[in-house]
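All residue numbers in this chain count up from 1 along the given sequence.
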Amino acid sequence: MKKELYLGNEAVARGLYEAGCRVVSSYPGTPSTEITQYAAEYAEIYAEWAPNEKVAAEVAIGASIGGARAFSGMKHVGLNVAADPVFTASYTGVNAGLVIAVADDPGMHSSQNEQDSRHYAISAKLPMLEPADSAECLAFTKLAFELSEQFDTPCLLRLTTRVSHSRSLAEPGERAELPLKEYVKNPGKYVMMPAMAKIRHPIVEQRMLDLAEWAEAAEINRIEANPDTKIGVITSGIAYQYAREALGDTVSYLKLGMIHPLPAELIKNFAKDYETVYVIEELDGIIETFCMTLGLKVTGKALFGNVGEFSANLVREKILDRKPEGQPFGQPTPPRPPVLCPGCPHRGLFYVASKLKLTVMGDIGCYTLGALPPLSAMDVCVCMGASVSACHGINLARGKDFAKNTVAVIGDSTFIHSGITGLIDIAYNKGVSTVIVLDNSITGMTGHQHNPTTGYTLKNDPTVAVDLELLAKACGINRVAVVDPNDLAATEAVIKQELAAEEPSMIITRRPCALLKTVRHAPPATVDQTACTGCKMCMKVGCPSISMKTVDGKNKAAIDPTLCVGCMVCAQMCRFGAIT
C-alpha cells in the first residue's frame with residue numbers, strides 16, 4: 001500500500017487493526033480520544049466507550065484473558081483511575097496480547113496537571129514503548145502486541161499531545177487475522193490472592209530482566225552516529241523530533257523507542273564515545289536518572305527543566321545558544337481566554353450561582369470554564385468526580401449553615417464516570433449536600449462522544465440510557481429536581497429551594513449542548529439600539545456573541561448574528577426590553 005498522512009492517534013488505530021486487535025474499550029480524554037474513534041471505524045474491531053478508565057482497562061484485561069487481542073486508551077490522568085487493575089494485570093500477565101495506550105499532555109493544553117506516565121511503567125513493572133511520529137505509532141502498536149504475547153505482559157504505549165495530534169507519513173498494511181487463543185482455567189495465574197501473587201512476583205521480576213536484554217538489541221533503540229562530532233544526544237518520542245530539527249546532523253543520537261526497561265549497555269556504549277552527552281526528554285528526568293545510576297555524566301534537566309513541553313527553538317537555544325530569529329510585533333498580543341460557547345446550556349446555571357454567591361465545588365469538563373470571569377462561579381476543581389465528594393467534605397468541615405450556600409457541579413458524563421459513588425457517600429452518611437448535574441446530552445469537552453446517559457453506543461447504535469432521576473433515588477437521594485438552565489428565574493428558584501432543604505438533593509439542569517447537530521437553534525437575538533442604555537447587564541453572562549460598540553457616541557450592546565444561537569439568556573438580563 002502507498003504511504004498516507006496519518007494523525008498519530010489514527011496511526012495507532014491502524015496499528016490495532018493490522019495487529020488483529022478484536023476488542024477496544026476506552027474512556028475519552030484529550031489527547032487520546034481519537035485512537036478509539038478511529039478504531040470504531042473498522043468493522044473487525046469491537047469498540048466501546050466505558051464509563052471510566054478503570055472499567056475500560058478491566059474490559060480489555062478480560063478480553064485478553066479470553067484469548068482476544070485487546071486495547072484500552074486513555075489520557076495520563078485516566079491512567080490514575082485505571083492503575084488498580086493495570087498494576088495487578090502486570091502480575092497475571094496475558095493470554096492474547098494486551099496494549100494500553102496513555103497520552104501525556106506536556107504543557108497542559110487540556111489537562112489539570114502535567115504528569116509523566118513513564119513512572120507508571122517503572123512502578124507497575126511493565127514495558128513501555130514511545131513512538132516519535134505516525135509511522136512509529138503504527139509500527140510500535142503492532143510491536144506492542146508481539147511483546148505482550150512474547151513476554152506474557154501488558155504493554156504500555158506512551159504518546160504525547162504533539163505525537164497524537166500531528167500528521168506524518170505512515171505505510172498501512174494488511175490485517176493479521178488471528179484466531180482466538182484457547183482459554184484454559186488457570187487460577188494460579190489469574191487469581192491474585194496473596195498465595196498466588198507471591199508466586200507471580202518473581203516471574204514479573206525475571207520478565208523485566210528478559211525485556212531489558214531484548215531492549216539491548218532492539219531495532220527501535222537505534223544510534224544515528226556522526227563520526228565528526230563530540231556531542232551525543234539521548235532522547236525519545238517527540239523530543240527526538242525537536243532535537244533533529246534543531247541540531248540536524250551536527251550531533252549523534254541515541255533514539256530510544258523502548259523507554260522501559262532501558263538498555264543499559266547500549267546507553268553506556270553510546271555515551272563513552274562523546275565528550276558531552278545531553279538527555280532531551282519532556283517532563284521528568286527518567287532517562288537522565290537512569291544514566292546517572294550507570295555512572296554516566298550527562299546534562300538534562302539542569303538545562304531544560306521539567307515544566308512544560310519542549311520545542312525545536314528551546315533545544316536550539318539551550319544547546320547552541322541560538323535564540324529564535326524574527327522581529328517582534330511591537331504590540332503585546334491580547335489574551336484570548338477560552339469561553340463557554342454561545343448558547344451553552346451551562347451559562348445560565350453559572351450566572352445564577354454567581355448571582356447567589358454560592359460556593360461551587362467544580363469538576364472536569366467544558367463547564368470548568370465557569371470559573372473564569374465574568375461568571376467567576378467555581379471555587380474548586382480537582383479531578384473527575386471530586387466535586388461531589390469534596391462538596392460533602394467541605395460541608396462536614398464547615399457545618400450545615402455553610403452547606404446552605406454550597407453546591408457541587410458535575411457534567412452528566414463525569415457523573416457516570418466517578419460521581420455516583422460520591423452521591424452514595426452523601427446519602428449513606430446522612431449528608432446535606434446539593435449536587436447539580438449538568439445534563440447536556442453528550443460528553444462535550446472531548447468532542448461529543450456518547451456516554452451511558454445518551455442512549456447511543458460509540459458506533460451510534462441505539463441502546464439503553466441511564467435515567468439520572470431514578471439513579472439518584474436508587475442511591476438514596478429523595479429530592480430530585482429537573483430544570484432548564486436557560487430559564488434563569490426557574491433555575492434560581494430550584495437552587496434556593498434545594499439548598500433550604502434539610503436533606504441531600506440533586507438538581508439536573510437539562511438542555512443539550514448547543515453544538516450538537518441535532519439541536520435546532522432559534523433566530524439570533526437583536527438589540528434595539530433606541531432601548532439599550534448601555535448598562536452592560538447582558539455582558540455579565542460572558543457570551544462571546546455580545547459586545548459593546550459605539551452608536552451615536554454612546555456605548556451600547558451589539559449581538560453578532562453569526563455567533564448568536566437565540567438562547568435568549570441575555571434577554572432575561574435586560575431590564576429595558578432592548579434584546580428581542
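For residues 69-79, every residue pair satisfying the salt bridge (Lys or Arg N to Asp or Glu O under 4.0 Å) rule, not counting sequence neighbours, is listed here: Arg69-Glu149.
Glu281 places no side-chain N or O within donor-acceptor distance of the main-chain N or O of Ala239, the cut-off being under 3.5 Å. Between the side chain of Lys268 and the backbone N or O of Gly295, no donor-acceptor pair lies under 3.5 Å. Put simply, the side chain of Glu216 gets close to the backbone of Leu266: a donor and an acceptor are under 3.5 Å apart. Using modelled atom types, one side-chain atom of Glu282 and one backbone atom of Phe310 make a donor-acceptor pair closer than 3.5 Å.
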Check your understanding: Run the salt bridge (charged side-chain N to carboxylate O under 4.0 Å, His left out) check on Glu136 and Arg222 step by step: do they pass?
Key -> CA-CA 13 Å; Glu136 289 190 350; Arg222 68 176 187 266; 3.5 Å; yes
Point to revise | Pair Ile280-Ile319, side chain to side chain contact (heavy atoms under 4.5 Å, CB included): steps then yes or no | key: CA-CA 10 Å; Ile280 304 176; Ile319 294 181; 3.9 Å; yes
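No donor-acceptor contact under 3.5 angstrom links the side chains of His76 and Glu114, judged on distance only. With no hydrogens or angles considered, no side-chain donor-acceptor pair links Thr446 and Tyr27 at under 3.5 Å. Counted by atom type alone, Tyr240 and Asp133 present zero donor-acceptor pairs between their side chains at under 3.5 Å. A donor atom on one side chain and an acceptor atom on the other are not found under 3.5 Å apart for Asp363 and Thr414. A donor-acceptor contact closer than 3.5 angstrom links the side chains of Thr443 and Asn451.
The aromatic rings of Phe151 and Trp214 sit perpendicular to each other, their planes meeting at more than 60°, with 30° as the lower class boundary.
Residues Phe87 and Leu126 are not in side-chain contact: their nearest non-hydrogen atoms beyond the backbone lie 4.5 Å or more apart. Side chains of Ser387 and Val409 form no contact here, defined as non-hydrogen atoms less than 4.5 Å apart.
Contacts of Glu275 classified as salt bridge (charged side-chain N to carboxylate O under 4.0 Å, His left out), with partners at least two apart in sequence or in another chain: Lys230. Applying the side-chain hydrogen bond (donor to acceptor under 3.5 Å, both in side chains) rule to Thr161 yields the partners Asp105; only residues at least two apart in sequence or on another chain are considered. Residues satisfying the side-chain hydrogen bond (donor to acceptor under 3.5 Å, both in side chains) criterion with His165, sequence neighbours excluded, are Glu34. Residues that satisfy the side-chain hydrogen bond (donor to acceptor under 3.5 Å, both in side chains) test with Arg14, not counting sequence neighbours, are Glu18. Annotation: side-chain hydrogen bond (donor to acceptor under 3.5 Å, both in side chains) contacts of Thr368 (sequence neighbours excluded): none.
To the nearest 0.5 Å, the span separating OG on Ser168 from CD on Glu4 amounts to 12.5 Å. How far CD of Gln206 is from CG of Leu211: 10.0 Å, rounded to the nearest 0.5 Å.
Nearest heavy atoms, Ala246 versus Ala312: CB-O, 3.3 Å. Across every non-hydrogen atom of Ile424 and Cys475, the tightest pair is CG1-SG, 3.6 Å.
Taking the six-membered ring for Trp and the full ring otherwise, the centers of Tyr17 and Tyr42 sit less than 6.0 Å from each other.
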